[in-house]
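Proteins come first, then strands; the chains are lettered A, B, ... in the order of their sequence lines, and each starts at number 1.
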Amino acid sequence: MKNSEETKESIHDLPKAYEFSAVEKKWYEYWEKHKKFQATMDDGKPSFSIVIPPPNVTGVLHVGHALNNTLQDVLVRFKRMQGYNTLWLPGTDHAGIATQNVVERQLAAESINRHDIGRKKFVERVWQWKEESGGQIINQLKRLGCSCDWDRERFTMDEGLSRAVREVFTRLYNEGLIYKGDYIINWCPRCHTALADLEVEHEPTDGKLYNIRYPFTTGDGYLVVATTRPETMLGDTAVAVHPSDERYNNLPEKAVVLPLVNRTIPIVFDAHVEREFGTGALKVTPAHDLNDFEISRRHDLPALKIMDDSGAMNEAAGDYAGMDRFACRKKVVEDLEKLGLLEKVEEYQHGVGHCYRCQTVVEPSLSKQWFVSVKPLAEKAIAAVKEGQTKIYPKTWENTYYDWMYNIRDWCISRQIWWGHQIPAWTCEDCGELIVSNIDPEECTKCAGSKLVQETDVLDTWFSSALWPFSTLGWPDKTDELKIFYPTSVLITSFDILFFWVARMMMMGLHFMKEIPFKDVYLHALVRDAEGRKMSKSKGNVMDPLLVMDKYGTDALRFTMIAFAAQGRDIRLSEDRIEGYRHFINKIWNAVRFSLLHIRDSQPYAIEEIEPSGLALEHQWILSRTNRTIAEVHRGLNEYRFNDVAHALYQFIWHEFCDWYLEWVKGDLYGDDQEVKNTGRQVLFTVLEIIIKLLHPITPFVTEEVWAALPGERSSIMSGPFPEEISAWDNSEAEDASALFMGVVTGLRNIRSETGIHPSAKVKGFVICPDQAKGAVLQENSKAILALTRVEELQIIAEGDRPKGAASYIFNEIEIFVPLAGLVDVEQELAKLERAMDKVSLQLKKVEGKLGNSKFLDNAPAEVVAGEKEKQETMSAKLAKIEESMERLKHL
RNA sequence: GGGCGGGUAGCUCAGUUGGGAGAGCAUCGGCCUUACAAGCCGGGGGUCACAGGUUCAAGCCCUGUUCCGCCCACCA
């Protein structure tokens, strides 16, 4: 952007504290207006693409979204600045059941239900709701700073995606990979729909195990079966025992009478029965239990459905018809007891399936549904990860992925709701032919009849999500978008939808694109509350990211998220952590404010102009540290080690750049030497620009704001380039010399602090440094030492008499003194030295132990041995100095 | 029943091929030193869950124990 004079004027009076609110609004509007997020169709540049995990259209931004999208935005901004043709494709998911529930609640408020208005009107209502109130999360993502290409926003029910869904359905059907069949599925009596296995949550529940007597037809004797759901006995069509169970070798007869309904049912022998459980006799209810259903198929048993879609008993339940399933359970137990057929009731804890959308207890139920045979698709999805075409981070999730893929079962994709992609299958009323087609057929393909009735079921929402990486890029057309951006670079999502979404995208992508949908998958952790509990509305422990952004600013929230995003570990988030990082944002702000005082009249410098070799130590040091930070940021981002990036930046900016460099360089900037001053400005300016750029992906708002405040014509920081490593800046010698310098400064400060010398009191420093070269370094930087310690005068000698009556500090072989004119507290000094001595002698003992061990000398690598020897020397020197000091003190 | 992750400072957590235990916050002491009190300077604080083993050397590798959390699974 053009840096107008007006902007510059305001910079001169930057407020003391960073005021994020107006800044965030201003810059987001600017970015959007200038299309800074737009991907181009330029395939000459390397591309980088991410498809957003589409939030539910009913969704409201929660901290999980905040984490997920911050991670994506960091990578996207990083790659964009690096010059990639970057696409972050946004959108929302129609979220079948969830959205339907929302609108049904609306209707309920008007005392009507969806059946009152019919399917067509209902779906219209949902669309209307979507247009009016849906997708508010999109604006919330914008608040978060997400740099999505909003012109490409998609919705899983929009025209293009619906076309992709039909195409996929039709092709899979024609390939024999989609079929319709009678099978036990999970039925939610509240949502009135089938659910996939994955959509059922098993929760340990305290229940009862009822032992029920099933009399033999003769009336003489009985079998005892155990069940947790006695009401299902009304649908029993057999009792099963294990074929080699000796207890049942010599049964008087092969049938029993089902109590209450007095139906004679056979006893069958099936190896599935667990002999150790209960009495080893299993009641078989084919229509309401998966295992029983399978047994029934093996023994050709009939299936009897005894419940309706709402979980109430149907006519087949005889006298119990019309009762709710749980009321029926009670009644059945009572009646059995009256008949003396209830042998015993035990407390029993077992897993009970609940609907993942409404928590209603799910009923296994025999039903005609549509399924995908996923096994053949899974094979390719397994191979792609095995071969490393797609890499999963953290790697430990690969096992979970394989495990699920290997044991995958057919996917029930039909849902008996109204909101979603209606299954593109029609039945001819004339001849009964089933027609599956990607376009609405006009007549029967078999009899040319025109009375075609479409399936009423819709598809599982995850069916359309599974196509997301290619449907959003224009598939089934052969688009340039697909050519440029598919496969996408990385998928960033939470581990809890690894099966729901990631696995299915892998299968669909490989099947239809013949190529993986993404090269990397980064699975991040869950955000929990400060006590480690999952955040949920019912617990009342949810943190609203929007309120957090209002209070602390978006950048603070983002930085916090990144700082805690360690691989493979959940994040415990609390407000004070975010507050802590707000301080960091403010620190950046003030570092820039200070720098601007000195560089605002300067011309910008090209980084290449910096030639470190002739520069003063502070510059060589900060350039070296800067370069190491650049390297660390690159490494962290490329390896998805986000927390490393945040910590490297935090450490470097606060403790190296601000605490040391800015204080150190003040001597140059406030001095009279014009050349020194200019060099100081140049290096300061250069490093500052790099810091702001390195931070930009994580904290986009504050960085754009201060970037614009820097002198010179400059476009948005988003345009990059991102800092690349400059190895010529690496300088271990300068880092060593700085460590020496800092050690002496710390020593002098320590003395002042420990002896209670007031900061403004004038004192002299005295340093004995036996090593000539080190002494020279200290001498060269003595002015800075004075400035940083507020010591008035500093004497550095190689050898000589120690001052009498001085407080001391020993830093390796260097002795530091502050003469106290007889005011030295001998006791206190001795105590301090003793503490130091304890520490050093302990370390020395360890080192000497190693060096005295011939096995260590023989086996350890030479550089390790050399390192230990060097340590030994420094430590013994230090120890000797400490002992001497103590002696002197005692004789004072 | 399988599988995975975790136990490191008061709290929350880093610690990437084994080689002198770290950060943030909190705490204690001193400072309004002209970028920042949302700040500066200094200090204290850990048998790295427990027990064995491998190794010259273990927070890190191996075995076992224990506690916590999560995921998967068709013993009713």
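Rounded to whole Å, the C1' atom of B/A35 lies 42 Å from the corresponding atom of B/G19. B/U8 and B/G3 have their P atoms separated by 25 Å, given to the nearest Å. One P atom belongs to B/A26, the other to B/C11, and the distance between them is 15 Å to the nearest Å. Taking atom P on both nucleotides, B/G69 is separated from B/G64 by 23 Å, rounded to a whole Å. Rounded to whole Å, the separation between the C1' atoms of B/C56 and B/C61 comes to 16 Å. Using atom P as the reference point in both B/U47 and B/C72, the two lie 39 Å apart (nearest Å). Rounded to a whole angstrom, the distance from the P atom of B/G44 to that of B/G6 is 32 Å. Taking the P atoms as reference points, B/A57 lies 29 Å from B/G45, given to the whole Å.
A/Met233 comes within 4.0 angstrom of nothing in the nucleic acid, heavy atoms only. Within 4.0 Å of A/Lys395, counting heavy atoms only, lies no atom of the nucleic acid at all. Using a 4.0 Å heavy-atom distance criterion, A/His350 is classed as making no nucleic acid contact. Heavy atoms of A/Tyr406 sit nowhere under 4.0 angstrom from any nucleic acid atom. Residue-level contact check: A/Leu597 touches the backbone only, with heavy atoms under 4.0 Å from sugar-phosphate atoms and none from bases. Using a 4.0 Å heavy-atom distance criterion, A/Asn853 is classed as a sugar-phosphate-only contact. As judged by a 4.0 angstrom heavy-atom cut-off over every strand, A/Tyr809 is placed among residues making no nucleic acid contact. The residue A/Val273 sits close to a base: some heavy atom pair falls under 4.0 Å. In this structure, A/Glu663 reaches the bases: a heavy-atom distance under 4.0 Å links it to at least one base atom across the strands shown. Residue-level contact check: A/Arg749 touches the backbone only, with heavy atoms under 4.0 Å from sugar-phosphate atoms and none from bases. A/Arg635 comes within 4.0 angstrom of a base, heavy atoms only. Heavy atoms of A/Pro364 sit nowhere under 4.0 angstrom from any nucleic acid atom. Across all strands shown, A/Ala566 has heavy atoms under 4.0 Å from sugar-phosphate atoms exclusively, and none from any base.
Of the N and O atoms on the side chains of A/Asp270 and A/His242, not one donor lies less than 3.5 Å from an acceptor on the other residue. Donor-acceptor pairing under 3.5 Å is recorded for the side chains of A/Tyr356 and A/Glu199. No hydrogens or angles considered: a donor-acceptor pair under 3.5 Å links the side chains of A/Asp236 and A/Thr285. For the 3.5 Å distance criterion, the side chains of A/Tyr348 and A/Asp206 fail to qualify, holding no donor opposite an acceptor.
Checking the phosphate oxygens (OP1, OP2) of B/C56, a side-chain nitrogen or oxygen of A/Asn859 falls inside 4.0 Å. Contact check, A/Lys666 against B/A35: a side-chain N or O comes under 4.0 Å of OP1 or OP2. Residue A/Lys871 places at least one side-chain N or O under 4.0 Å from the OP1 or OP2 atom of B/G20. Contact between the side-chain N/O atoms of A/Asn643 and the OP1/OP2 oxygens of B/C13 is not found at any separation under 4.0 Å. Phosphate proximity of B/U12 to A/Arg572: present, with a side-chain N or O under 4.0 Å from OP1 or OP2. Contact annotation: A/Arg229 side-chain N/O to B/A76 OP1/OP2 distance is not under 4.0 Å. At B/G43, none of the side-chain N or O atoms of A/Lys832 fall inside 4.0 Å of OP1 or OP2 (strictly under the cut-off).
Mapped onto RNA chain B by nearest heavy atom, A/Gly278 and A/Glu632 fall at different nucleotides, with A/Glu632 at the one closer to the 5' end. Place A/Thr279 and A/Phe495 on RNA chain B by their nearest nucleotides, and A/Phe495 ends up nearer the 5' end.
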Interface polar pairs with nucleotides 61-63 of chain B, N/O, under 3.5 angstrom:
none

Nucleotide N/O to protein N/O under 3.5 Å, stretch nucleotides 22-32 of chain B:
{"from": "B/G24", "atom 1": "OP1", "to": "A/His655", "atom 2": "NE2", "distance (Å)": "3.0"}

Write out a two-atom table: protein N or O, nucleotide N or O from nucleotides 3-5 of chain B, distance below 3.5 Å.
{"from": "B/C4", "atom 1": "O3'", "to": "A/Thr396", "atom 2": "OG1", "distance (Å)": "3.3"}

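Among residues two or more places apart in sequence or in another chain, the salt bridge (Lys or Arg N to Asp or Glu O under 4.0 Å) test is passed with A/Glu276 by none. By the side-chain hydrogen bond (donor to acceptor under 3.5 Å, both in side chains) test, A/Thr232 pairs with A/Lys283, sequence neighbours left out. For A/Asp659, the salt bridge (Lys or Arg N to Asp or Glu O under 4.0 Å) test picks out no residue, with sequence neighbours left out. A/Glu848 is linked by a salt bridge (Lys or Arg N to Asp or Glu O under 4.0 Å) to nothing, counting only residues two or more places apart in sequence or in another chain. With sequence neighbours left out, A/Glu868 forms a salt bridge (Lys or Arg N to Asp or Glu O under 4.0 Å) with A/Lys850, A/Lys871. Here A/Phe499 pairs with A/Trp404 under the ring pair (Phe, Tyr, Trp, His ring centres under 6.0 Å) rule; sequence neighbours left out. Listed by chain and number, the residues in a side-chain hydrogen bond (donor to acceptor under 3.5 Å, both in side chains) with A/Tyr809 amount to none (sequence neighbours excluded).
The backbone N or O of A/Gly849 lies less than 3.5 Å from no partner atom in the side chain of A/Asn853, so there is not a single donor-acceptor pair. Looking at A/Arg275, its side chain never comes within 3.5 Å of a backbone N or O of A/Ala281 through a donor-acceptor pair. Counting only distance, with no hydrogens or angles, the side chain of A/His350 and the backbone of A/Thr228 share no donor-acceptor pair below 3.5 Å. For A/His202 (side chain) and A/Val200 (main-chain N/O), no donor-acceptor pair under 3.5 Å exists by modelled atom type.
Remark: the A/Lys587 side chain and the B/C36 base include a donor-acceptor N/O pair separated by less than 3.5 Å.
Enclosure of atom NZ in A/Lys666 by more than 12 non-hydrogen atoms of other residues, nucleotides or ligands within 6.0 angstrom is indicated. Applying the 6.0 Å contact sphere to CD of A/Glu870 captures no more than 12 heavy atoms from other residues, nucleotides or ligands.
The CZ atom of A/Phe594 sits 13 Å away from the C1' atom of B/U33 (whole-angstrom rounding). Atom pair A/Gln567:CD and B/U16:C1' shows a separation of 10 Å (rounding to whole Å applied). The CG atom of A/Leu857 sits 19 Å away from the P atom of B/G19 (whole-angstrom rounding). A/Tyr401 has its OH atom 26 Å from the P atom of B/C70, to the nearest Å.
Annotation: side chain to side chain donor-acceptor pair (under 3.5 Å) contacts involving residues 549-564 of chain A, sequence neighbours excluded, comprise A/Glu24-A/Thr554, A/Asp73-A/Arg558, A/Arg143-A/Asp550, A/Lys551-A/Glu575, A/Tyr552-A/Glu575.
Across B/U12, B/A38, B/C56, the shortest atom-to-atom separation from the side chain of A/Asn586 is found for B/A38.
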With both pairing distances under 3.5 angstrom for Watson-Crick or G-U wobble, and | for a partner in another strand, the correct string for RNA chain B is ((((((((.[[[[.)...(..]]]].(((((.......))))).....[[[[[..)....]]]]])))))))....
